[in-house]
Protein chains: 2
Amino acid sequence: MVAIPTQKQRVTIRTVAEDAGVSVAAVSKVLRDAYGVSDALRGRVQASIAKLGYRPHAAARGMRGQTYTLGLLMPDLHNPFFADILEGVNTALQRSQYQPLLGVSDSAAGTELALIDAMADRQMDGIILIGSRLPINELERVASRIPIVVIAHHPIGEPDFDTVNNDDRLGATLVVQHLVAAGFKHVAYLSQELGAHNSDTMVTTQREIGYRAAMHEAGLSRNIQVVHAGQTSREAQNAARQMLEARHPPDAIFCWTDFIALEVLSVARDMGLDVPGDLAIVGYDNTWYCDLAQNALTSIDQSGQVLGLQAARLLIERIKGRTQAEHYVVTPRLVARRSTQPGS
Amino acid sequence: MVAIPTQKQRVTIRTVAEDAGVSVAAVSKVLRDAYGVSDALRGRVQASIAKLGYRPHAAARGMRGQTYTLGLLMPDLHNPFFADILEGVNTALQRSQYQPLLGVSDSAAGTELALIDAMADRQMDGIILIGSRLPINELERVASRIPIVVIAHHPIGEPDFDTVNNDDRLGATLVVQHLVAAGFKHVAYLSQELGAHNSDTMVTTQREIGYRAAMHEAGLSRNIQVVHAGQTSREAQNAARQMLEARHPPDAIFCWTDFIALEVLSVARDMGLDVPGDLAIVGYDNTWYCDLAQNALTSIDQSGQVLGLQAARLLIERIKGRTQAEHYVVTPRLVARRSTQPGS
DNA sequence: AAGCGCGCGTAGAACGGTTTACGTAGAACG
DNA sequence: CGTTCTACGTAAACCGTTCTACGCGCGCTT
């Protein structure tokens, strides 16, 4: 048997060590900038790494140490609000070794769990969950396995994981106050459809609480109307149509997210209603299309970028060892546009 | 030193083997449904797996074999067209072992390369690149390292990787024909900004070719106008405004993607133009918001779901060993709405 | 009956990092 | 000058899979 010519080998940590004339462990220390390497050694090693174009093998790292991968779990990709959050996360990870990878759960608790498992199986160092559909005990269970930060899930009863939120009650209050000041009296709230594990931890529930309180405060308790609808175009439009064709239709609809507000706007237009003359519409998240002239949608800005940035920061702290839970809250801000302002 | 009580150990392939009373390799074979296991043995092993709740350790798998992870590289998250593609990919992977994970490059070639590296480092089995900004030689280089399928990048000169596209020339032709039939004569094309590596492989260039040919065909060569603009709201709006404030403004604008068409629509509305009376607008991708009454945007449907589905199928074939490149093409379809139809 | 191929299963060597346990040299100290 | 630290490096074990090479027994051919 003739010897097979040595084909181009992978550059491993061993190759680097040899080239730099040091031990394998020394190179590893440099990579993880761990304690116990002199500047001289660090320099030699880094030179070799650059020269050889060495890249650490993530799977091998995952066997013992970290993978420097963070999971980002989103409910869906149609709502551009999540893009804002990602932007914030990217900003936070800019100069770090961490790489974010996304999973999309399609707003289904089952898929969400499967994705969490998949991410844990891949030894990700931590996960950011956005708008999770999981009940709190499931989240606790996950948190005991792998560091997580949960965005848009209110910490009720001192959970064992970090959370990042905007003040949803305040957001809803701002909406009601804004509408009432503009003369609208029958303000309805169009919320998300109820899931299996409905609870006060959900942002839509928090918004509902704020909405109810503010309506009460304004002396409009009798006009409180809450409708729950699914995420699809059809469901949202049907709900809107039903509300607007009722005997006493609302003169303003507060939608739990912009996405839905645009569907309501579409229905209103189809029905020949004037916005905001016959109907005012408000969204939530202040996503990019709110600003388009054909929408001109008043919305609540909860700054997705900040949420993402803080979530990433908290997650890395967790990974580095923090065990005490932290909860970050952003103050929302109302951005008024034509959909609630007759004059402009 | 007192012995530390044995804490709950991870369930490994060894645990399963022991429980089922077989060898480790036998379990591995069952997991990968490889050749050489009897039904009896397979049953025993699967029972143990279920009983113990065993989950294979992806990092360990990555050391030797596959990770059953596919990378999905998207340019950005604001354009909901990519959500459609993901839907298709998910459909294709439904009953497979493969798990898709997303990376977002922010439409920057540098970030894109970094993400590809990151995915390769993590031993992903293959990558689907959507709307890549990389020049063809870079793609070839990547393809030699890891199986890839490229969506929205036309195969020119027999590249060594698979591609999935719609017929962009035809799409543009359909647009021009539709507009001309409706009586519009000065049809402009609002395309993507030119990058460093501009070429015929780009979908926007293909659309431009189709547009020019169709205009020529219609005897409107003298009215050909092509404008390139960036992705941000401001850039798109500025470009639109400039076009519309010119001495001889177009009476129809064909935008390379819906996203941009909505910005143009916004500008038109701001300028008090009637759509489609003064200006017809057409987009591309037929994303969900085209159907909203306030937009009612005529668009080209290239079926993101099909693109995603086929890409995933091709990628898995590649991973399983195919070496001959394949190129899948979808026939686009025009969906007419009010933005080009005065009557409706 | 020896030989052969086939179907099923096994033992053990990789894979490429991280981490532990342990040298070793030089400085500081009494 | 011997001892004790401290700072830096090293060798080797280890992580959980996959994969290669091989063993065994059975039935079929010659």
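In what follows, chains carry the letters A, B, and so on, assigned in the order in which the sequence lines appear, proteins first and then strands, with residues in each chain numbered from 1.
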> Chain B on DNA chain C: first and last contacting nucleotide, 5' to 3', under 4.0 Å to a heavy atom?
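Contact boundaries, 5' end first: dG7(C) to dG16(C).
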> Just N and O in the side chain of Ser28(B): are any of them under 4.0 Å from OP1 or OP2 of dT18(D)?
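So the side-chain polar atoms of Ser28(B) do come within 4.0 Å of the phosphate oxygens OP1 or OP2 of dT18(D), strictly under.
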> If the threshold is 4.0 Å, N to carboxylate O, is there a salt bridge linking Asp106(B) and Arg133(B)?
no
> Evaluate side-chain contact (heavy atoms from CB on, under 4.5 Å) for His153(B) paired with Leu134(B), printing each intermediate quantity in order.
CA-CA 10 Å; His153(B) 178 101; Leu134(B) 297 180; over 6 Å; no
> With distance as the sole test, does Arg318(A) use its side chain to make a donor-acceptor pair with the main-chain N or O of Leu314(A) at under 3.5 Å?
no
> Grab the CZ-P distance between Arg55(B) and dG16(D) for me, whole Å please.
16 Å
> In whole Å, I'd like the distance from the CZ atom of Arg64(A) to the C1' atom of dC15(D).
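Going from Arg64(A) (CZ) to dC15(D) (C1'), I get 6 Å.
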> May I have the distance from Met63(B) (atom CE) to dC14(D) (atom P), rounded to whole angstrom?
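Rounding to the nearest Å, CE of Met63(B) and P of dC14(D) are 16 Å apart.
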> Tyr35(B) OH to dC19(D) P: how many Å, rounded?
17 Å
> Give, for atom CG of Leu70(A) and atom CG of Leu102(A), the distance between the pair rounded to the nearest 0.5 Å.
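The CG atom of Leu70(A) sits 11.0 Å away from the CG atom of Leu102(A).
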> Measure the CD1-CG distance between Ile116(B) and Leu129(B) for me, rounded to the nearest 0.5 Å.
5.0 Å
> What is the separation between atom CG on Leu41(B) and atom P on dC24(D), rounded to the nearest whole Å?
19 Å
> Using the rule given for side-chain contact (heavy atoms from CB on, under 4.5 Å), can you reason through Arg32(B) versus Tyr68(B), listing the C-alpha separation, both sets of side-chain angles and the distance that settles it, and then say yes or no?
CA-CA 10 Å; Arg32(B) 296 171 288 125; Tyr68(B) 299 96; 3.8 Å; yes
> Does Arg32(B) make a side-chain N or O approach to OP1 or OP2 of dC19(D) shorter than 4.0 Å?
yes
> To the nearest Å, give me how far apart CZ (Arg42(A)) and P (dG9(D)) are.
10 Å
> Which heavy-atom pair separates Arg61(A) from Leu31(A) by the least distance, and what is that distance?
NH2-CB, 3.9 Å
> Looking at Ser23(A), does any N or O in its side chain come under 4.0 Å of the phosphate oxygens OP1/OP2 on dT10(D)?
yes
> Take atom CD of Gln66(A) and atom C1' of dC15(D), then tell me their distance rounded to the nearest Å.
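In whole Å, dC15(D) C1' lies 15 Å from Gln66(A) CD.
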> One thing to verify: whether Glu18(A) and Arg14(A) come together as a salt bridge, which I'm taking to mean a side-chain N less than 4.0 angstrom from a carboxylate O.
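Looking at Glu18(A) together with Arg14(A), the answer is no, because their closest N to O distance does not fall below 4.0 Å.
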> Round to a whole Å and report the spacing from CZ of Arg122(A) to P of dT17(D).
13 Å
> For a quick check of understanding: with a heavy-atom distance under 4.0 Å over all strands, which category does Val37(B) fall into, base, sugar-phosphate or nothing?
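Since only primed, P, OP1 and OP2 atoms lie under 4.0 Å of Val37(B), the category is sugar-phosphate.
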> Bend across the helix from dA1(C)-dT30(D) to dG30(C)-dC1(D), to 10°, with axes taken over 5 pairs at each end?
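Comparing the axis at each end, I get an angle of 50°.
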> Are Arg141(B) and Glu138(B) ion-paired here, with the side-chain N under 4.0 Å from a carboxylate O?
yes
> Could you say whether Ala25(A) or Leu31(B) is positioned toward the 5' end of DNA chain D, judged by the nucleotide with the nearest heavy atom to each?
Ala25(A)
> Of Arg14(A) and Ala26(A), whose closest DNA chain D nucleotide lies nearer the 5' terminus?
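Looking at DNA chain D, the more 5' nearest nucleotide goes with Ala26(A).
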